[in-house]
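Shown next, in structure tokens, is the structure this report addresses.
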Amino acid sequence: MFALVDCNNFYVSCERAFQPRLEGRPVVVLSNNDGCIVSRSAEAKALGIAMGEPLFKVKDLVQAHGVQALSSNYALYGDMSGRVMGHLASKAPELEIYSIDEAFLSLHGMERWGLDGYAREIRAEVKKRTHIPTCIGLAPTKTLAKLANRVAKKDPSLGGVLLLDSPERRTWALARVPVEDVWGIGRQYATKLHALGITTAAGLAQCSEAMARQHLGGVVGARLVRELQGFPCQALSPSEDGTLKRQSIACTRTFGKSLSAFEDIVGAVAAFASRAAEKLRRQGSVASVLTVFLSQDRFGNTPPPHTRSAQTTLPVASSSTPELVRFARALLGRLWQPGVVYKKAGVILDGFEKGGEGQLSLFAPDGGERVERLMQKLDALNQRFGKGSVQVATALGSRMPTGKSTTPWHGQQQRRTPAYTTCWEELWEVG
DNA sequence: TCTGGGGTCCTAGGACCC
DNA sequence: TCTGGGGTCCTAGGACCC
């Protein structure tokens, strides 16, 4: 049996854990640049505020109902996520961290404990220790566990837990979930399925394999239907030592304002590459593929495509900031055009190998050990004195290296709460 | 005026290999 | 007119997820 533990309105719940006055009120958390709504409290959902909606489109609603709109505070959410996952890891032999607010647990062999009661215990404990409310779905496949979780979230009478351990319960749950709410059914597939007269998860579960393959992206769709029928097709991939090992790492941003000058954009790209390299080192990988993209305003008047990208395979896989910045800069040189107004850029790393196991370079006789030591020092300094204390100069862009002016690509974050748990200057004050 | 930032997996075609 | 069978790697793009 799998359990899927999912935090309710995660970002809003993190904010509420430190600001009890937000309890019972409509609250939303905003994306970067305070642009879109990415997390909503139950009260905000009830007002009809949609997920992903731009803030400016619901400004009236927000004002009329005194909705608290907060900038996103990823330092806080990441830390709270770690705490929740830490508790979950102690509750099951295996844990797969699926996203910042969700994890699959393998409960194989624990059936005799009474899974329903055990799930309620986990839920209560997470709430008590972290103040984060969760819902738990339990079922023989991941897709059914997701579905059970979704039903548990929508139906308060279930007390946050739903166990699907019999054909009767499964049939009951499948019948009450619209097909578009099934894990793996997005907008395109939902439209197709409705046209075919399939409107519920129950209907989808009765689909033939041929039909699933034809309409739902081949083997992916076939697996989805089998999982709904109770035949597991997706195994748990346990997260080693409670952390996620990614297959790709991206750092991308919409700029705070439009940028044209090469020096400004190269500053942004260098900063993104530095950040990506940091994440890469933290998971102990080296990357062999680097992609840079550059976008114009996708809501503006310029016809698509709005994005151009360039990719390169590194001669030797690397996690060195200066090395990756150098290649990123070269790629940017191929993309940037004078006079064009840009709104967004990004750096993506791919093709990972485990650090120390990759192909060695003929031309770096020490195997890159010096650079590795340098990067360790860099990370240690930034850990000790705060993010960005030591950077490659390219990342400063056209700024003077002194002074506190923000970089031209930085956006607004006017409603950010303190990083209560990760920054000495911003510790929680009680009183 | 204002419109996010991450990820995953799969397919298909072309170049190239034996 | 006929002209094999089996791979890999790379790129681009599409669908989905949170």
Side-chain angles (χ1 to χ4, degrees), chain A residues 4-11 28-40 50-60 62 69 71-72 74 77-78 81 96-104 142-143 146 149-150 180-193 212-224 233-234 237 244-258 272 275-276 279 283 288-289 291 293 295-300 304-313 343-352 409-414:
Chain A
L4 188 265
V5 184
D6 189 325
C7 301
N8 304 347
N9 325 325
F10 182 58
Y11 297 168
V28 297
V29 172
L30 306 172
S31 66
N32 201 36
N33 289 341
D34 294 342
C36 292
I37 285 155
V38 294
S39 182
R40 306 159 295 155
M51 179 66 178
E53 195 144 40
L55 177 62
F56 75 88
K57 286 191 179 170
V58 289
K59 209 121 214 182
D60 294 344
V62 165
S71 300
S72 41
Y74 285 102
Y77 311 150
S81 173
E96 175 186 339
I97 298 171
Y98 178 69
S99 74
I100 194 165
D101 73 333
E102 273 176 69
F104 286 102
K142 282 183 166 183
T143 306
K146 284 286 275 187
N149 187 285
R150 192 254 176 211
E180 56 269 25
D181 290 346
V182 172
W183 191 40
I185 300 298
R187 259 217 297 275
Q188 313 280 325
Y189 292 166
T191 306
K192 273 193 197 176
L193 290 170
R213 276 182 189 269
Q214 190 188 338
H215 297 287
L216 305 178
V219 67
V220 181
R223 283 206 286 252
L224 197 167
C233 303
Q234 291 182 256
S237 28
L244 263 180
K245 279 254 197 310
R246 306 240 169 243
Q247 297 178 46
S248 70
I249 287 174
C251 187
T252 72
R253 286 288 178 285
T254 301
F255 306 141
K257 57 181 186 193
S258 298
F272 302 161
R275 180 83 189 95
K279 293 189 202 173
Q283 73 165 40
S288 62
V289 176
T291 308
F293 73 81
S295 304
Q296 294 175 260
D297 186 359
R298 65 193 169 108
F299 301 101
H306 298 115
T307 299
R308 297 207 305 146
S309 70
Q311 193 174 71
T312 190
T313 300
K343 273 299 274 188
K344 178 176 179 175
V347 171
I348 303 161
L349 302 177
D350 268 308
F352 295 167
W409 53 269
H410 263 119
Q412 292 301 305
Q413 273 222 311
Q414 291 182 332

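In what follows, chains are A, B, ... by sequence order, proteins preceding strands, each numbered from 1.
Contacts of A/F10 with the nucleic acid, taken as non-hydrogen atoms under 4.0 Å apart, are absent. Within the nucleic acid shown, A/E53 has no heavy atom closer than 4.0 Å to any nucleic acid atom. No contact: A/L30 has no heavy atom under 4.0 Å from any strand. Among the heavy atoms of the strands lying under 4.0 Å from A/V182 are primed sugar atoms or P, OP1, OP2 only; no base atom is included. Residue A/I249 is classed as a sugar-phosphate contact, given heavy-atom separations below 4.0 Å to backbone atoms only. Using a 4.0 Å heavy-atom criterion, one finds that A/G184 contacts the sugar-phosphate atoms exclusively.
The separation between A/Q311 atom CD and C/dC9 atom P is 15 Å, rounded to whole Å. Remark: C1' of C/dC18 and CZ of A/R40 are 13 Å apart, rounded to the nearest angstrom. We find that CE of A/M51 is positioned 12 Å from P of B/dG4, with the value rounded to whole Å. Separating the CZ atom of A/R187 from the P atom of C/dC16 is a distance of 9 Å, rounded to the nearest angstrom. Between A/L216 atom CG and C/dA15 atom C1' the separation is 11 Å, expressed in whole Å. Taking atom CD of residue A/Q412 and atom P of nucleotide B/dG4, one finds them 15 Å apart after rounding to whole Å. Between the NZ atom of A/K57 and the P atom of B/dG4 there is a distance of 11 Å, given to the nearest Å. Straight-line distance from the CZ atom of A/F299 to the C1' atom of B/dC2: 10 Å, rounded to whole Å.
Distances shorter than 4.0 Å separate none of the side-chain N or O atoms of A/N33 from OP1 or OP2 on B/dG4. The phosphate of B/dC10 (OP1 or OP2) has no side-chain N or O of A/R213 nearer than 4.0 angstrom. One finds no side-chain N or O of A/S99 lying less than 4.0 angstrom from the OP1 or OP2 phosphate oxygen of B/dG6. Residue A/T254 has no polar side-chain atom (N or O) positioned under 4.0 Å from OP1 or OP2 of B/dT3. Here A/Q188 does not reach the OP1 or OP2 of C/dG14: none of its side-chain N or O atoms lies under 4.0 Å away. Dashed line: the shortest gap from a side-chain N or O of A/S31 to OP1 or OP2 of B/dG5 is not under 4.0 Å. Contact annotation: A/K343 reaches the phosphate of B/dT3 (side-chain N/O to OP1 or OP2, under 4.0 Å). The shortest distance between the side-chain N/O atoms of A/K192 and the OP1/OP2 oxygens of C/dA15 is not below 4.0 Å. Between A/K146 and C/dC18 there is a side-chain N or O to OP1 or OP2 distance below 4.0 Å.
Partner assigned to B/dC17 is C/dG6, using Watson-Crick or G-U wobble distances below 3.5 angstrom.
The aromatic ring of A/Y98 does not stack onto the base of C/dC18, failing the criterion of a centre distance under 5.5 Å from the six-membered base ring together with planes under 30° apart.
Here the nucleotide nearest the side chain of A/E102, chosen from B/dC10, C/dC18, C/dC16, is C/dC18. Side-chain proximity of A/Q247 to B/dG5, B/dC9, B/dG4: nearest is B/dC9. Comparing B/dT3, C/dC18, B/dT8 by their nearest atom to the side chain of A/S248 picks out B/dT8. The nucleotide whose nearest atom lies closest to any side-chain atom of A/Y189 is, among B/dC10, B/dC9, C/dC16, C/dC16. For A/N32, the side-chain atoms get nearest to B/dG5 when compared with the rest of B/dG5, B/dG6, B/dC10.
For B/dG4 and C/dC17, the C1' atoms lie 15 Å apart once the distance is rounded to whole Å.
A residue-by-residue look at A/R246 and A/D34 shows that A/D34 has its nearest nucleotide of DNA chain B further toward the 5' end. Heavy-atom distances to DNA chain B give each of A/R223 and A/R253 a nearest nucleotide, and the one nearer the 5′ end belongs to A/R253.
Within 6.0 Å of NZ in A/K245 there are more than 12 heavy atoms belonging to other residues, nucleotides or ligands.
Residues A/Q234 and A/F104 form no side-chain contact, since every pair of their non-hydrogen atoms from C-beta on lies 4.5 Å or further apart. Side-chain contact check for A/I348 versus A/F293: some heavy-atom pair is nearer than 4.5 Å. At least one side-chain heavy atom of A/I185 sits under 4.5 Å from a side-chain heavy atom of A/L216.
Nearest heavy atoms, A/L55 versus A/V62: CD1-CG2, 4.2 Å. Residue A/C233 comes nearest to A/R223 through the heavy atom pair CB-CD, 3.7 Å, listed as atom of the first residue, atom of the second, then distance.
Checked for salt-bridge contact, A/E96 and A/K142 meet the test: a charged N lies under 4.0 Å from a carboxylate O.
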